[in-house]
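Here the structure comes first, spelled out in structure tokens, and everything after it is commentary.
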Amino acid sequence: MQNSYIDSESFISMLRCGAANLSANVKEVNELNVFPVPDGDTGTNMEFTIKGAIRGAESAEGKLSEVATSMAKGALMGARGNSGVILSQFLKGIAVGFQGAENADVTRVINAMTSGVDYAYRSVLKPTEGTILTVMREATAYAVKMADKNSTLESVLDDFLKEARASLKRTPDLLPVLKKAGVVDSGAVGLIYIMEGFRQALSGKTPEEIGGAETTNISKAGSFGPDSVLEYGYCTEFILQLMNYKTDIKSFSLKTMTDYLETIGDSIVAIKDEDIVKVHVHTKTPELAVEYARRYGEFVTFKMENMSVQHSETSFAGNACEEEAAVTEEEKVRCAVVAVATGEGMIETLKEIGADRVIYGGQTMNPSSEDFINAFDTLNAEYIFVLPNNSNVYLAAKQAAEMYPKAKAFVINTSSVAEGYVALTMFDPAGTPEEIVSAMEEAAENVSTLSVTHAVRDGCMDDVSFREGDFICVNGKRMLSSAKSKVAAAVEGVANFEGIEDKEVVTVIYGKDVSDEDKKAVISELNARFPSLEIYELDGGQEVYSFIISLE
Amino acid sequence: MKDYVILVDSASEMTTEKRKEFGVDYIQMKIAYDGKEYPASLDWDAYSAKELYGWLRDGKRVTTMQVPPEDYRQAFAVYLEKGLDIFYLACSSGLSGSINAAILVAREMEEKYPGSRVAVIDALNAGYCNAHMAIKAAEMKRDGKTIEELIEWFEANKLKFNQIGTVETLTYLKRAGRIKGTAAFFGNIFSVKPIVINDARGCNVAIKKIRGRKSSFEEIINMTKELIEDPAGQVVHIGHADCIEDAEYVKARLLAETGCRDADISYLGPIVGASTGPGTLIVYFYGKEVTVAGE
């Protein structure tokens, strides 16, 4: 049966179903919340508001206009948060539209919705497009446009919902913060859930039926279904073991491979490390990438995700392609950083704090100029800042920077990973290249690096004698301490460092061989011996050096 | 001239004594902790400052809540019933949506109480800046200025109320969604102490990175010296989130180096404290107009 008008009773059922549908999906709405502040409470706030509206409606009797007026008052009382306040005003506008009416027919409902949009817009100091406001406005306008003499309440709400969902999809284009977070506007999603509930009430559903029903997941639904087109292709990532019987590994050219991949996709990132190649590509024809790659080797791992699905599921948890997103053609970045390090923890840390690429290497494995060039090639940047983090690596980096044609590369003369780390913490991509170089150089120059490692023979240097297997602490070429335990060597080393009284900040980078006990011990002993120092710790995971200690 | 009351809210940090001294009242926001709501009381009567910062240090999540329209309605009605107009200095629109509800209710109440005036000013600031503004407003009121004169003065001068702070970690500001800036600026680097100000649009923005906490105090002191105006005529304020020694240190330096008349110290209140985290230290003063606009 089609409904041609709303009366008090059906209005209350609609509100109840709207609230039930929102409640069933409140978690999703909360998780989408990034604007204006990502405090994750949009859904909860809207729930408070619609429940207030129901309380208000239930407390009145009589004709529709009386129930609606009381409903609007209840919504205002219950309103919380921006989307809640906007929703309450939308409902108030609707109540104003129902003024004096025993019940409301299609025309009146449409006018009331238009009045709701007016009220909602007027409630906000600075209306922001790309939010619940846009969606309610566009959806209402569409419903108005589509209405004719054959319209029923069902068709009006169907039109509203159809356009609302389309409008919702556009919100990230209007509000950059949404696009960045990869979500649609949370308040708008909440509104759609409520209106969906309204629509279900018209079909005779009860709130209980809706509350228990499977949730529809508006923000995710419809992104990829039986009728979708493959809009974004597949995010394809694999690690390829080059095989001797398939190719000459030494002369294998990564560039030949990336040149081919460019013909079938984009967002390409490819790295070669000896006989292993790691590739990331976005393509609509992953089978071609598979076939091509197998000419040279076999897969160690292979991962493929449909990016339409990925797109809609992108959330704060991040997604697989987030990191590489900066490489897409249209998104040339201004500044990028390439650093050199060993140790899983250190590599991760450097990436976390802003290194776009970390080349594996250091004291025992010096990267070549070509390694740098290859890394530069995976970036699409105007300026590249390079942290060689070892004096033996500096020249190769410098040479690569000088000959690199596609970007202006600057090498910061960092001679330890500690210096590189400290320099990188001061990286501010908003600065001019000169400002960036000088801020990073200044930070690095202020660092003294102590390293704790095993003595490989007996000896005596700088009045410190040591036996093979002892732990020694050195600063550059200067021997500072030796001890049977790594912790003692570190603490004594810091104590013997000339000028320690002028230092303020200590960062201890733990090597692979350091136990949790040792970590606790070194921090507590340093704290006890040097109460005025600020001490920070990092899990570097490097080989050879138990501790790398930066003193600033 | 019709008499009026000056209101701030829980984000203002205005202490019990100062509110009493200047006849300023405040609208209470709420915080939620462990599934329960608590008033964001500036009198610390529901929980002590030590307790609040204890919760935060224990890693408990304390969230702040906007003022619902109904609370504004009730708060405004108290004064309107007495025949008073209202001059309300609201927490920055860049930090809280409360002001939207306040403006809405103000309009509604002006209709309900014909002839009344409910002025809502977007302070574009939070914290003790808003208390400094309320004190200024109270002084102007004492000198016989009308609400309209206050509005005019504050619209022209509100960005001269400065705040410069440092936080132990950006975790709290980020979690509360109350900081703007580029992502790369904000790696989770504990040894880097950001200098945070309130920009010309009323948003928190990290403008500088400093290595080490002591150096961050140095930077705050230097910036205060550079930006303060009429030091002899003002009492600088230092708000701290449970780091009184640091506050005392900064106070001594400011007294010695800026020529300010005096410097007060108080705990950061529940709203600002919960949004910035233990160890936060903020200096509030009157000086050059803020022109920085974050992204």
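Lettering of chains follows the sequences in order, A, B, ..., and the numbering in each one begins at 1.
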Those residues at least two apart in sequence (or on a different chain) that pass side-chain contact (heavy atoms from CB on, under 4.5 Å) with Pro69(B) are Ala79(A), Val85(A), Arg73(B), Ala101(B), Val105(B)
For Glu435(A), the side-chain contact (heavy atoms from CB on, under 4.5 Å) test, sequence neighbours excluded, returns Thr432(A)
Can you confirm whether [X] is buried at [atom1], in the sense that more than 12 heavy atoms of other residues, nucleotides or ligands lie under 6.0 Å from that atom?
X         : atom1 : result
Glu442(A) : CD    : no
Lys158(B) : NZ    : yes
Glu111(B) : CD    : no
Glu152(B) : CD    : no

If I take atom [atom1] from residue [X] and atom [atom2] from residue [Y], how far apart are they, to the nearest 0.5 angstrom?
X         : Y         : atom1 : atom2 : value
Met426(A) : Ile210(B) : CE    : CD1   : 6.0 Å
Met65(B)  : Asn45(A)  : CE    : CG    : 7.0 Å
Lys92(A)  : Glu108(B) : NZ    : CD    : 5.5 Å
Ile86(A)  : Leu104(B) : CD1   : CG    : 10.5 Å

Under 4.5 Å to a heavy atom of chain B? For Val506(A) that would be neither
Pair count under 4.5 Å, heavy atoms only, with chain B: among Val422(A), Leu424(A), Thr49(A), Val505(A), highest is Val422(A)
Under a 4.5 Å heavy-atom criterion, the part of residues 211-219 of chain B in contact with chain A comprises Arg211(B), Gly212(B), Arg213(B), Lys214(B), Ser215(B)
Residues at least two apart in sequence or cross-chain that pass salt bridge (Lys or Arg N to Asp or Glu O under 4.0 Å) with Glu129(A), listed by chain then number, are Arg137(A)
Minimal heavy-atom distance between Lys209(B) and Phe427(A), with the atoms involved, is NZ-O, 2.7 Å
